[in-house]
Amino acid sequence: NAGVMQNPRHLVRRRGQEARLRCSPMKGHSHVYWYRQLPEEGLKFMVYLQKENIIDESGMPKERFSAEFPKEGPSILRIQQVVRGDSAAYFCASSPLFGDEAFFGQGTRLTVV
Amino acid sequence: TQLLEQSPQFLSIQEGENLTVYCNSSSVFSSLQWYRQEPGEGPVLLVTVVTGGEVKKLKRLTFQFGDARKDSSLHITAAQPGDTGLYLCAGANAGGTSYGKLTFGQGTILTVHP
């Protein structure tokens, strides 16, 4: 049973470019969460999605950031016009329909140059 | 806004010593999870505690959930160099739109010297 798969593992973007981070949840999991871990900081919640629905995006910056979890395919976290401050590790987690346990992927390390 | 205060932030001990990491909040959580994170990797779930007062053991690790479900502790007995890593506590809430959303503590960086 494969775990949460994130790709790419490492992503380098120039300022102003777009970054797309992908996450495939564990089999049987219908809840996806995105977290950001800035250097020297803890994990911060960004957004919670179920298939085709954004449930809670209270941790998502209002501009440039968006997330989706389509009926088919992985969840996507999209960052438009990246800036240096977006450099961080972005983690995706998934959980089953009725359960609190969240299982994390290995993360995507975004570096903006 | 819910907050989880984790302490200590850094812990450096010798092999064989015991240690306790604390996770405290003024908020009630439906469950609390402990994770361990290696450099360059994602957090790996160690345990979930759900019931107030619950104690769970995982080999040399003992996890406790406070009676009021606001705090938790992780105790490691006879620490080994392989225990070195970042330990994170995270609280979850059931119900409403925050179901399953985790609030993380800042983490404890544990170093066990041989």
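Chain letters run A, B, ... following the sequence lines, proteins first, then strands; residues in each count from 1.
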**Message:** In terms of relative ring orientation, are A/Tyr35 and B/Phe104 parallel, tilted or perpendicular, with 30° and 60° separating the classes?
**Reply:** perpendicular
**Request:** Check the angle between the aromatic planes of B/Trp34 and B/Phe63 and answer parallel, tilted or perpendicular using the 30° and 60° thresholds.
**Result:**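 Ring orientation, 0 to 90° scale: tilted.
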**Structural part of A/Gln6 lying under 4.5 Å from a heavy atom of chain B** =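 Neither part.
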**Request:** Measure distances from B/Glu38 to the heavy atoms of chain A and classify the residue's part below 4.5 Å as side chain, backbone, both or neither.
**Result:**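 Interface part for B/Glu38: neither.
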**Request:** Go through the structure and list residues passing salt bridge (Lys or Arg N to Asp or Glu O under 4.0 Å) with B/Asp71, not counting sequence neighbours.
**Result:**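 Partners of B/Asp71 by the salt bridge (Lys or Arg N to Asp or Glu O under 4.0 Å) criterion come out as none, since no residue qualifies.
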**Asked** So which of B/Thr103, B/Leu88, B/Leu45, B/Leu86 has the largest heavy-atom pair count under 4.5 angstrom toward chain A?
**Response**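 Most heavy-atom pairs under 4.5 Å with chain A: B/Leu45.
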**Message:** Counting neighbours of CD on A/Gln50 that are heavy atoms of other residues, nucleotides or ligands and sit closer than 6.0 Å, is the number greater than 12?
**Reply:**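 Yes, the 6.0 Å shell around CD holds more than 12 heavy atoms from other groups.
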